[in-house]
Amino acid sequence: MGTTKLSLLLCVGVLLLGCCVGRFVVEKNSLKVTSPKSLKGTYECAIGNFGVPKYGGTLVGSVLYPKVNQKGCTNFSDVNFQSKPGGFPTFLLVDRGDCYFTLKAWNAQNGGAAAILVADDKAETLITMDTPEEGKANDDYVDKISIPSALISKSLGDSIKQALSDGEMVNINLDWRESLPHPDDRVEYELWTNSNDECGPKCDSLINFLKDFKGVAQQLEKKGFTQFTPRYITWFCPEAFLLSKQCKSQCINNGRYCAPDPEQDFSRGYDGKDVVVQNLRQACFYKVANESGKPWQWWDYVTDFAIRCPMKENKYSEECSDQVIKSLGADLKKIKDCVGDPHADVENPVLKAEQDAQIGQGSRGDVTILPTLVINNRQYRGKLSRPSVLKAICSGYLETTEPSICLTSDLETNECLENNGGCWQDKSSNITACRDTFRGRVCECPIVQNVKFFGDGYTHCEASGSLSCEFNNGGCWKGAQGGRAYSACLDDYRKGCTCPPGFRGDGVQSCEDIDECNEKTSCQCPGCKCKNTWGSYECKCKSGLFYSRENDTCFGEAFLVFLSFFFTTFKIALLNELFLCNHLM
């Protein structure tokens, strides 16, 4: 490799890795040790740039440090870290070193761990755990990592190990609720992206994300829930190399704006300057679309361009780009005016603004990793997938102002699937207080068929209202026998569980039939015959008489005729009185 080429590539590498004057900010979340008492407190940990951080939520677990394979570089084939019902999820603690961070996380996930904590191997400022560089590892598994990861300091790691060796249980609460600011009802986010589609799995992953996230992004943008801005990384060629072949092939506007060779081979394929031009066209498309009030059209352009104009089919060109722009009805002339002349020795306002934006501002560090997602001025860490990114965006809203898309089943954390999330449930009626949200599970007494349940949501929920007996019979006794059914549930103003007439008991666990005949509480009239039935009794008088249950006595037929005549006469007299009153008053 020639000296000029080597120097240029080194400069590119330095800029991308953020080792120059720039400032790289490590995104962090809170780690709270709740036990043992000697370790109780809140500590910082660095979010890994892979897996799925639980933005907006929390995760409680118990730490386990393996007796063997303590760096987590091989499979945990003979161990199962899956928590048992009623137990805390397992946070696997491993040591840094000997293999990639991603491999440690992958092995921990396959072993059943809910999260991985990596203890640093030296006293230093926390760093961001990143994915392996292209071609340096078999990284097919990286996109499959779904557990959160965190790097902790060496001192905290040593303290946790000591506590575990002393037989102490170490419980930790990982908290991502403040990892992203959530000030109001609109989220501002930007994606640092690239039109290059020949950089391997990372480029493929980015293109797939753009296609998959397009519908969600446009929906949020059209309804005013978000303000999205696409961004493009460029750098300049050092003045000493402006006339070099490498600089001329990788840069436009006399070395002001450069991109690496797509294939990293200067002798074939497309050049870095081709990538810069297409990046500029995408940025200009957004600028023109935004000025026309339709910024969401950018998503249509970049996804259509990726499909219709790929490098591998030799269609990555201005002509193909023009066709896509025309098909979307955008103003091609305005876009071309924005792009300007790439060969001119002048600044391009759009690319100059992109270079300036790469430098960190406020809480956001320099953009040095491609792709990079920035949400509410904080760099996102984790898997670039639709559910993960949408969850992070949703956590950027002030609570209760989230759009409805944040409350769909797509974003459920599925914490209720394990041990019912530690919430109350009634298995017999399949009712639970556990509800999955993008912020994590909540234990909240439910509303079922317009009946509100009240309680703490964790140990107790009780139905209220007139339909409370419809759910598990209100927790009361019920029974059926011989075609008759009885219930101890009171569905009126009294509420509670009381055995019905003919039974005695606590009304909850049992109600026993009362034998009225043996206990001589009913059917005690002279000559009456008593027969006990379940929940009641039958009483027969001697011939010619009729039994009155209300009075527990027998009456003759003549007496019954007299009663009937008396009540009929009284009714007629009462009606006459009412008639006279209505006509005299």
Side-chain angles (χ1 to χ4, degrees), residues 25 27-30 47-59 128 143 146 148 174-193 205-231 286 290 295-300 302-303 357 361-365 367 369-415 436-442:
V25 173
E27 300 298 338
K28 300 174 182 176
N29 63 297
S30 170
I47 304 173
N49 198 30
F50 49 84
V52 183
K54 294 183 178 294
Y55 283 108
T58 61
L59 183 64
T128 294
D143 284 340
S146 58
L174 289 173
D175 191 340
W176 293 267
R177 287 176 297 182
E178 299 303 324
S179 295
L180 291 177
H182 41 95
D184 50 37
D185 59 358
R186 188 180 76 166
V187 168
E188 298 174 7
Y189 72 109
E190 54 190 40
L191 176 65
W192 289 84
T193 181
S205 175
L206 173 59
I207 292 170
N208 289 335
F209 168 73
L210 291 172
K211 293 175 182 176
D212 197 28
F213 198 69
K214 180 180 79 168
V216 172
Q218 291 180 322
Q219 181 180 342
L220 290 171
E221 196 79 7
K222 288 177 181 179
K223 295 183 178 181
F225 289 117
T226 58
Q227 180 180 328
F228 168 72
T229 307
R231 295 289 192 185
Y286 171 78
N290 190 42
W296 52 83
Q297 284 190 326
W298 177 88
W299 292 89
D300 292 319
V302 295
T303 52
Q361 298 175 355
S363 60
R364 197 214 79 188
V367 176
I369 300 172
L370 193 65
T372 288
L373 182 69
V374 179
I375 302 174
N376 285 349
N377 210 36
R378 291 276 183 86
Q379 291 191 25
Y380 165 86
R381 296 286 183 252
K383 184 189 297 185
L384 199 66
S385 66
R386 186 178 68 86
S388 303
V389 171
L390 180 55
K391 183 177 179 181
I393 289 174
C394 288
S395 72
Y397 292 100
L398 183 67
E399 287 193 42
T400 73
T401 68
E402 306 94 348
S404 58
I405 195 171
C406 293
L407 308 176
T408 61
S409 58
D410 287 350
L411 295 188
E412 290 179 357
T413 55
N414 295 323
E415 292 177 45
D436 276 310
T437 73
F438 72 91
R439 297 185 189 276
R441 71 97 176 92
V442 292

Inset, instruction - Mind checking the CG-OG1 spacing from L191 to T229? Nearest 0.5 Å is all I need. - result: 10.5 Å

Inset, instruction - Could you grab the distance from atom SG of C394 to atom CZ of F225, nearest 0.5 Å is fine? - result: 10.5 Å

Legend entry - Value rounded to 0.5 Å, distance of CZ in R386 from CD1 in I393: 11.5 Å

Inset, instruction - Measure the spacing between CG of L384 and CG of L373 and express it to the nearest 0.5 Å. - result: 6.5 Å

Inset, instruction - Considering non-hydrogen atoms only, spot the tightest contact between V389 and F209 and give its length. - result: CG2-CE1, 3.7 Å

Inset, instruction - Take the angle between the ring planes of Y189 and F228 and call it parallel below 30°, perpendicular above 60°, tilted in between. - result: tilted

Inset, instruction - Any chance you could lay out the side chain to side chain contact (heavy atoms under 4.5 Å, CB included) test for N376 and V187, step after step, and finish with the verdict? - result: CA-CA 6 Å; N376 285 349; V187 168; 3.8 Å; yes

Legend entry - Expected output: side-chain Q219 to main-chain A217 donor-acceptor under 3.5 Å: no

Legend entry - Closest heavy-atom pair and its distance - K383, S388: O-CB, 3.6 Å

Inset, instruction - Using a 4.5 Å cut-off on heavy atoms from C-beta on, say whether the side chain of K211 contacts that of I207. - result: yes

Inset, instruction - Look up atom CG in D300 and atom CD in Q218, then write down how far apart they are to the nearest 0.5 Å. - result: 4.5 Å

Inset, instruction - Could you tell me which non-hydrogen atom of P403 sits nearest to which non-hydrogen atom of L220, and how far apart they are? - result: CG-CD2, 3.8 Å

Legend entry - Minimum-distance pair of heavy atoms, taken over all atoms of L210 and W299: CD2-CZ3, 3.7 Å

Legend entry - From OG1 (T303) to CG (D212), nearest 0.5 Å: 11.5 Å

Inset, instruction - Begin from the C-alpha positions of L206 and L370 and carry the test side chain to side chain contact (heavy atoms under 4.5 Å, CB included) through to its verdict. - result: CA-CA 9 Å; L206 173 59; L370 193 65; 5.9 Å; no

